[in-house]
Amino acid sequence: MNTIVLLRNVAAYVRNVVASAFVSQTAGAAAAVTGSTIDRLDPNNGALAGSALLSLIWSATLGAANTFSITSPLVQHSQDGANWSTLSTPTAPGVVATGPGGGGTVNGEWNYAQDLTDAYRYVRLNYTPAFSAANTDTAKALTVATLSCGDRAPA
């Protein structure tokens with residue numbers, strides 16, 4: 001019976017949360033981004049999420065052959081939402097976009113699956129954007145977390 005419910009209503013087992021503010025970056029002035037605090041505790045049923053798909057969604061306007069990269073990803077966790085320590089250091093995806101001929105806008109995403117079974121209640125994803133050119137290229141990004149596998153089945 002649970003298998004049928006899961007196949008028909010997977011949304012009952014996951015929830016999305018915004019995991020960072022919308023960030024606008026400009027080449028030559030790009031800075032590290034600290035993710036928003038993600039509370040693993042589901043306010044609807046009191047379950048703690050056991051895993052997360054952390055998705056960095058971006059749109060970059062790049063000159064021809066210029067690149068946009070994601071560097072230094074870091075997943076942190078905290079018992080109180082104030083004092084943070086490293087949970088994992090994902091492999092950086094590196095270059096995620098290259099400007100088309102003549103330049104233009106390129107959209108994409110980078111996903112990282114994080115096991116949260118040993119994590120404290122609060123987590124966040126930090127990263128640093130990087131550009132190959134200076135001053136002209138721009139990017140906007142947002143991080144979303146899809147939390148799943150809570151320690152309680154939905155009602």
Side-chain angles (χ1 to χ4, degrees), residues 6-7 9-43 48-150:
L6 179 60
L7 292 174
N9 189 13
V10 70
Y13 291 86
V14 298
R15 67 183 170 100
N16 288 332
V17 296
V18 174
S20 75
F22 283 96
V23 176
S24 294
Q25 300 274 356
T26 301
V33 176
T34 300
S36 300
T37 299
I38 302 165
D39 190 345
R40 294 174 50 214
L41 187 68
D42 188 323
L48 276 177
S51 67
L53 179 63
L54 302 167
S55 301
L56 175 59
I57 303 162
W58 47 266
S59 180
T61 303
L62 304 169
N66 292 353
T67 62
F68 174 63
S69 301
I70 304 298
T71 65
S72 308
L74 178 65
V75 180
Q76 295 181 308
H77 63 152
S78 171
Q79 292 178 334
D80 58 8
N83 299 294
W84 297 91
S85 60
T86 298
L87 178 62
S88 69
T89 307
T91 300
V95 174
V96 294
T98 301
T105 301
V106 183
N107 302 306
E109 65 187 56
W110 171 68
N111 296 303
Y112 180 70
Q114 176 67 57
D115 180 359
L116 297 175
T117 54
D118 292 329
Y120 297 131
R121 177 174 171 178
Y122 303 98
V123 295
R124 68 183 181 190
L125 172 65
N126 303 334
Y127 66 94
T128 302
F131 298 88
S132 65
N135 304 322
T136 57
D137 296 336
T138 61
K140 295 178 182 176
L142 171 71
T143 307
V144 176
T146 302
L147 303 173
S148 63
C149 299

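This one's a predicted model, so the numbers in the text were calculated from it and none came from an experiment. Values reported hereafter were calculated over all heavy atoms of this structure, with side chains retained and with hydrogens, waters and symmetry mates removed.
Annotation for Asp118: atom CG does not count as buried by contact number, only 12 or fewer foreign heavy atoms lying within 6.0 Å.
The minimum heavy-atom distance linking Ala92 with Thr71 is given by the pair CB-CA, 4.1 Å. Smallest separation of non-hydrogen atoms from Thr67 and Ser132: N-OG, 2.8 Å. The two atoms that bring Leu147 and Ala49 nearest to each other are CB-CB, 3.6 Å, heavy atoms only. The nearest pair of heavy atoms linking Trp84 to Thr37 is CZ2-OG1, 3.4 Å. Residues Ala30 and Pro129 approach most closely at CB-O, 3.6 Å, considering heavy atoms. Of all heavy-atom pairs spanning Ala27 and Ala133, the tightest one is CB-O, 2.9 Å.
Arg15 CZ to Asp42 CG: the interatomic distance, rounded to the nearest 0.5 Å, is 4.5 Å. Atoms OH and OG, from Tyr127 and Ser72 in turn, are 12.0 Å apart once rounded to the nearest 0.5 Å. With rounding to the nearest 0.5 Å, the separation of CD in Gln76 from OG1 in Thr86 is 5.5 Å. For the atom pair OG1 of Thr34 and CG of Leu74, the computed distance is 9.5 Å after rounding to the nearest 0.5 Å. Thr117 contributes atom OG1, which lies 8.0 Å from atom CZ of Arg40 (distance to the nearest 0.5 angstrom). The CG atom of Asn126 sits 10.5 Å away from the OG1 atom of Thr89 when rounded to the nearest 0.5 Å.
Side chains of Asn16 and Thr146: a donor on one and an acceptor on the other come within 3.5 Å. Side-chain contact, Asn83 with Ser78: no donor N or O sits under 3.5 Å from an acceptor N or O.
Looking at Leu53 and Val14, their side chains never come closer than 4.5 Å, going by heavy atoms from C-beta outward. A 4.5 Å side-chain heavy-atom check between Tyr120 and Ser85 finds at least one atom pair inside the cut-off. Side chains of Gln114 and Val123 form no contact here, defined as non-hydrogen atoms less than 4.5 Å apart. Residues Leu125 and Ser20 form no side-chain contact, since every pair of their non-hydrogen atoms from C-beta on lies 4.5 Å or further apart. Considering only heavy atoms from C-beta on, Ser36 stays 4.5 Å or farther from Arg124 through its side chain.
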Give the C-alpha distance, both sets of side-chain angles, the deciding distance and a yes or no for side-chain contact (heavy atoms from CB on, under 4.5 Å) between Thr105 and Ser59.
CA-CA 7 Å; Thr105 301; Ser59 180; 3.4 Å; yes
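Applying side-chain contact (heavy atoms from CB on, under 4.5 Å) to Val144 and the options Leu56, Val17, Ile57, Ile38 leaves one that passes, Ile57. Test Thr143, Val106, Leu142 against Trp58 for side-chain contact (heavy atoms from CB on, under 4.5 Å) and you get one pass: Val106.
Taking Asp39 as the reference, Leu41, Arg121, Tyr122 meet the side chain to side chain contact (heavy atoms under 4.5 Å, CB included) condition, with sequence neighbours excluded.
Distance alone, capped at 3.5 Å, places no donor-acceptor pair between the Asp115 side chain and the Ser51 backbone.
In this pair, Phe68 and Phe131 present their aromatic rings tilted. The plane angle is within the 30 to 60° band.
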